[in-house]
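Numbers restart at 1 for each chain; the letters A, B, ... are given by sequence-line order, proteins then strands.
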There are 2 protein chains.
Amino acid sequence: MEDTRDGSERAPLAAADRAYEFTRELIVSGRLSGGELISEGEIAERVGVSRTPVREAFLRLQAEELLRLFPKRGAVVVPLAPGEGEDVLEIREAIECLAVRRLLRLDDDDLARVVERLRETLRAQSGPARRLDTPAFARADQAFHLAIVAASGNALAERFYGSLGDRQLRMAAQALHPRPERLEVLVHEHGALVDAIAQRDVARFEEALRAHLDATHRALAAARRP
Amino acid sequence: MEDTRDGSERAPLAAADRAYEFTRELIVSGRLSGGELISEGEIAERVGVSRTPVREAFLRLQAEELLRLFPKRGAVVVPLAPGEGEDVLEIREAIECLAVRRLLRLDDDDLARVVERLRETLRAQSGPARRLDTPAFARADQAFHLAIVAASGNALAERFYGSLGDRQLRMAAQALHPRPERLEVLVHEHGALVDAIAQRDVARFEEALRAHLDATHRALAAARRP
DNA sequence: TGTGTCTCTCTTGTATCTATGATGGTGGGA
DNA sequence: TCCCACCATCATAGATACAAGAGAGACACA
């Protein structure tokens, strides 16, 4: 009843999914950078499947704006647009604040449960932060923010927010690395966000989130223009 | 250099695009309602193409959350979730307000140009509103709101907002119809939104937008529970 | 040397074919 | 009568075959 595209790996991942993961990883990790051209055949060969599932993967990646397909010519990796970091951060801020305003419509019990879940994801960040394990931290960070949005119950927002994650990862792969000393600070800032939610203080949440994202954004900008 | 998926119809639309348009229309227009099952073969036959391009169309529709594919079983039209109207409206509000806050960072000349463009789309609404041409109005309405977001220059937001349009159309097809007398009111409210932008009054814009969407939402809810 | 054209190759778009999983109905047994 | 196993059917997943568009580069000519 459940399909195989949900990330749970009990089944030996369908060919299309393998092709998708493979290509997505190539892009998100930065090994394939913006403007680079790839062909279905090439990926098909490397993954060991026919072109059909690769085509499906490419279509998915195009839907996620990571790839752009040019008819009869090939696929190019969509380059990170100049203002994209700012774009992503603004949308994240808007959606997360929306989510929190919605969260606060929950009654105390439900909110407490949400807060508890968030604190769990917080704890999951400490390890990677202390180990300066940037990739793991990036995943945990993403999971944390997504958890806030998911808790709000707006499925549309959640899905969109999730798709922003890939773009974020792609940028983070370049940007977070140079500043691993910030990881613990980020965990702390996340804690403050949860506190604000727990205390039903929207204004404080919004302010803290803005500061948090501003700092991330500044880190990005700083890393990009050294 | 331009691909054939951009809606310009000089070329005899690719098979995949025809299949996509056909199926999307079926869903958005409500002729195919939530939960209904369709198969690639069925659409392939009706459109007169093979299953391959239909498959591509289905994948695109799945990416847009209009269709859900179940491996080896078929595709079901994603039903309108109970709270979805509210979800969409909240996101629209958040993104549009974000867009306007960003618009107001433009200098006076640029802002004036944006306002002029918006007023043009306003004029395009009057005709359909007077004629009580609901489908045409729905398109114009969508174009208006999208224009605000597009003008902000956040490409990500624009794309996402656009994708909300289909869902909105789908709901509007059911909801706006019963209240054609509201169309002219909506045009008027749109005018107020533009005025707020022109006067750089964010607070007023946000308030007016909320009222505008609330009214739409109430109209929806009223239409759904008669 | 510069330019226009022509072809050759690469890549996608579509069709078709095969394999396999899912489902629902049927019939036998408890 | 009810339940379970089996099988026919159907739909997709993936592979392969084929056609056609787009570009790069060779080549002829001015």
Side-chain angles (χ1 to χ4, degrees), chain A residues 1-24 26-27 32 35-64 66-78, chain B residues 1-24 26-27 32 35-64 66-78:
Chain A
M1 190 45 111
E2 198 56 73
D3 72 16
T4 59
R5 306 185 193 297
D6 57 6
S8 60
E9 332 217 359
R10 50 192 182 285
L13 226 50
D17 294 317
R18 288 208 313 274
Y20 171 79
E21 295 296 347
F22 181 86
T23 313
R24 176 182 164 283
L26 242 44
I27 299 174
L32 230 48
E36 230 161 321
L37 221 110
I38 52 179
S39 79
E40 296 176 358
E42 180 195 335
I43 300 291
E45 196 177 353
R46 289 170 67 178
V47 181
V49 297
S50 85
R51 271 183 45 223
T52 307
V54 175
R55 182 166 181 71
E56 172 170 339
F58 277 27
L59 286 167
R60 274 204 261 167
L61 289 165
Q62 170 165 258
E64 293 171 17
L66 290 176
L67 216 51
R68 170 108 190 252
L69 270 40
F70 290 91
K72 312 270 186 184
R73 295 217 289 130
V76 304
V77 178
V78 174
Chain B
M1 192 44 116
E2 198 56 71
D3 72 16
T4 59
R5 307 181 192 295
D6 57 4
S8 61
E9 330 217 3
R10 50 192 183 286
L13 227 49
D17 294 316
R18 289 209 312 275
Y20 171 78
E21 294 296 346
F22 182 87
T23 314
R24 177 180 165 283
L26 241 45
I27 299 174
L32 229 50
E36 230 162 320
L37 221 111
I38 52 179
S39 80
E40 295 176 0
E42 180 194 335
I43 299 290
E45 196 177 352
R46 289 171 67 180
V47 180
V49 297
S50 87
R51 274 184 39 227
T52 307
V54 175
R55 177 160 185 72
E56 172 170 338
F58 277 25
L59 285 167
R60 273 203 261 169
L61 290 165
Q62 170 165 262
E64 294 171 16
L66 290 176
L67 216 52
R68 170 108 189 251
L69 270 41
F70 291 89
K72 312 267 188 185
R73 294 216 290 132
V76 304
V77 179
V78 173

Test side-chain hydrogen bond (donor to acceptor under 3.5 Å, both in side chains) applied to A:E36 - qualifying residues, sequence neighbours left out: A:S33
Polar pairs (N or O, both sides) under 3.5 Å between protein and nucleotides 16-19 of chain D?
from, atom 1, to, atom 2, distance (Å)
D:dT16, O4, A:T52, OG1, 3.2

Separation of D:dT12 C1' from B:I38 CD1 (nearest whole Å): 14 Å
side-chain hydrogen bond (donor to acceptor under 3.5 Å, both in side chains) partners of B:E40, counting only residues at least two apart: B:R51, B:R55
Student check: side-chain heavy atoms of B:L67 and B:R24 closer than 4.5 Å: no
Counterpart residues, side-chain hydrogen bond (donor to acceptor under 3.5 Å, both in side chains), relative to A:E45 (two or more places apart): none
Contacts of A:A57 that satisfy side chain to side chain contact (heavy atoms under 4.5 Å, CB included) - sequence neighbours left out: A:A19, A:Y20
A:R73 CZ to C:dT9 C1', straight-line distance once rounded to whole Å: 15 Å
Pair A:L66-A:V78, side-chain contact (heavy atoms from CB on, under 4.5 Å): steps then yes or no: CA-CA 5 Å; A:L66 290 176; A:V78 174; 5.9 Å; no
Rounded distance in Å - CD (B:E45) to C1' (D:dA11): 14 Å
Rounded interatomic separation in angstrom, taking CD from A:E56 and C1' from D:dA13: 8 Å
A:S39, nearest nucleotide to its side chain (from C:dT12, D:dG14, D:dA11): C:dT12
Are there any protein N/O atoms within less than 3.5 Å of an N/O atom in nucleotides 6-8 of chain C, and if so, which ones and at what distance?
none

pair A:L61-A:V77: side-chain heavy atoms closer than 4.5 Å: no
A:R55 CZ to D:dA15 P, straight-line distance once rounded to whole Å: 15 Å
Partner residues of A:T52 under the side chain to side chain contact (heavy atoms under 4.5 Å, CB included) criterion, sequence neighbours left out: A:S50
Gap between atoms CG and C1', on A:D17 and D:dA13 respectively (whole Å): 11 Å
Any residue meeting side chain to side chain contact (heavy atoms under 4.5 Å, CB included) with B:V49, in chain and number order, not counting sequence neighbours: B:A15, B:R18, B:V47, B:P53, B:V54
Spacing of B:Q62 atom CD relative to D:dT12 atom P, expressed in whole Å: 13 Å
Spacing of A:L67 atom CG relative to C:dT12 atom C1', expressed in whole Å: 13 Å
